[in-house]
Amino acid sequence: MDNLCDALEKLKLTGSDYPSDKLDRYLDCLLQALGQNNVQSSEKILQSGILQVFASLLNSQTSCTAKIAHIIAEVAKNEQLRIPCVDAGLIPPLVQLLNCKDQEVLLQTGRALGNICYDSHTLQAQLINMGVIPTLVKLLGVHSQNTPLTEMCLVAFGNLAELESSKEQFASTNVADELVKLFKKQTEHEKKEMIFEVLAPLAENDAIKLQLVEAGLVECLLDIVHQTVSSDKDDDIAELKTASDLMVLLLLGDESMQKLFEGGKGSVFQRVLSWLPSHNHQLQLAGALAIANFARNDGNCIHMVDNGIVQKLIDLLDRHVEEGNVTVQHAALSALRNLAIPVVKKQNVVSCGAGAEEC
């Protein structure tokens, strides 16, 4: 701890005027101390007043910039030290560093900003207003081969996407293309799950729904369903649920839904139909919910009723009279209700055996 105090004193007294090799050595001392006892060392760093010196040092990028950002990231792991980091003026120079080309600087800068703004919608909104979203999307595209940097971007997207104010900025970028490209490269469940956690909140926005459909996300989701439907592994079951749930979410957008329906001839619509007679309850549920979403359009309703979808849904209901899956029953009834809305086709639904009370 004496070495830490000595290093802090030297840094505070000399700042950017100190030779870079000695500055580097003192920064290493701080990182070592943080690794040994983060809480106590972070308190010492705060008490020393060095955070304000760091803000000044970050304004001019040097060979020590990555280590300074790394120290800030470690200090900001402590909840009580995040506001002092903000008060020290660290956010503006850190945001500017997201435009540099050094990948280690980018990684540590992203970690520092993420830790400072963690669980604070106010600070996250500040980052959005400072334009970090287009910058991070660009970083994801340029550095897609750098796994730590890619994961940093995904964590940042996941946090920022929770804020409604972020959706318009995300929609103005090519984030859908970048995420789908990245998703297609993944083979590990954990990596796919990380991308799913970003896709779900983004897909709540109708413009982004359409962008994701146009980028080919639905084909990826259908592949996952095909690969996992017969598996009894917990990871595969979870992945099947996530993929099918996201598929249904994409169909909540009017434009994305119509693009996938393709006049009832689309391959996606045909695949969804095949889920209804499946023995997998999750797929039955997703299939019924998808039909309910397709049926929000009167023209789609007429096409589906003409092509026998009502009987498929009634068969699904009959299967669950004994099996008793109430969630699937409700989804099938919701689909029948939507199909019955166009007056011209209401009688067709009733004649197939779906009574008015059921619908």
### Message
Can you confirm whether the side chains of His121 and Glu162 place a donor and an acceptor under 3.5 Å from each other?
### Response
no
### Query
Do Asn38 and Ser42 have side-chain N/O donor and acceptor atoms under 3.5 Å apart?
yes
### Task
Starting from the C-alpha separation in whole Å, work towards a yes-or-no answer on side chain to side chain contact (heavy atoms under 4.5 Å, CB included) for Leu140 and Leu179.
CA-CA 9 Å; Leu140 182 64; Leu179 288 174; 4.1 Å; yes
### Query
Going by atom types only, do Asn78 and Glu43 share a side-chain donor-acceptor pair under 3.5 Å?
no
### Message
Testing the basics here: between Val198 and Gly158, what is the closest heavy-atom pair and its distance to 0.1 Å?
### Response
CG2-N, 3.9 Å
### Message
Between Leu240 and Ile224, is there a side-chain heavy-atom distance shorter than 4.5 Å?
### Response
no
### Task
Show your working on side chain to side chain contact (heavy atoms under 4.5 Å, CB included) between Leu106 and Leu97 and close with a plain yes or no.
CA-CA 7 Å; Leu106 289 170; Leu97 284 174; over 6 Å; no
### Task
Verify whether one side chain among Gln96 and Asn59 offers a donor that lies under 3.5 Å from an acceptor in the other.
no
### Modelled atom types, side-chain donor and acceptor of Thr228 and Glu239, under 3.5 Å
no
#### Entry: ILVMFWY cluster, Met194 and Tyr118 together (side-chain gap under 4.5 Å)
no
### Query
Under 3.5 Å, is there a donor-acceptor pair between the His281 and Asn325 side chains?
yes
### Task
Heavy atoms only: give me the nearest Arg296-Leu251 pair and the separation to one decimal.
NH1-O, 3.0 Å
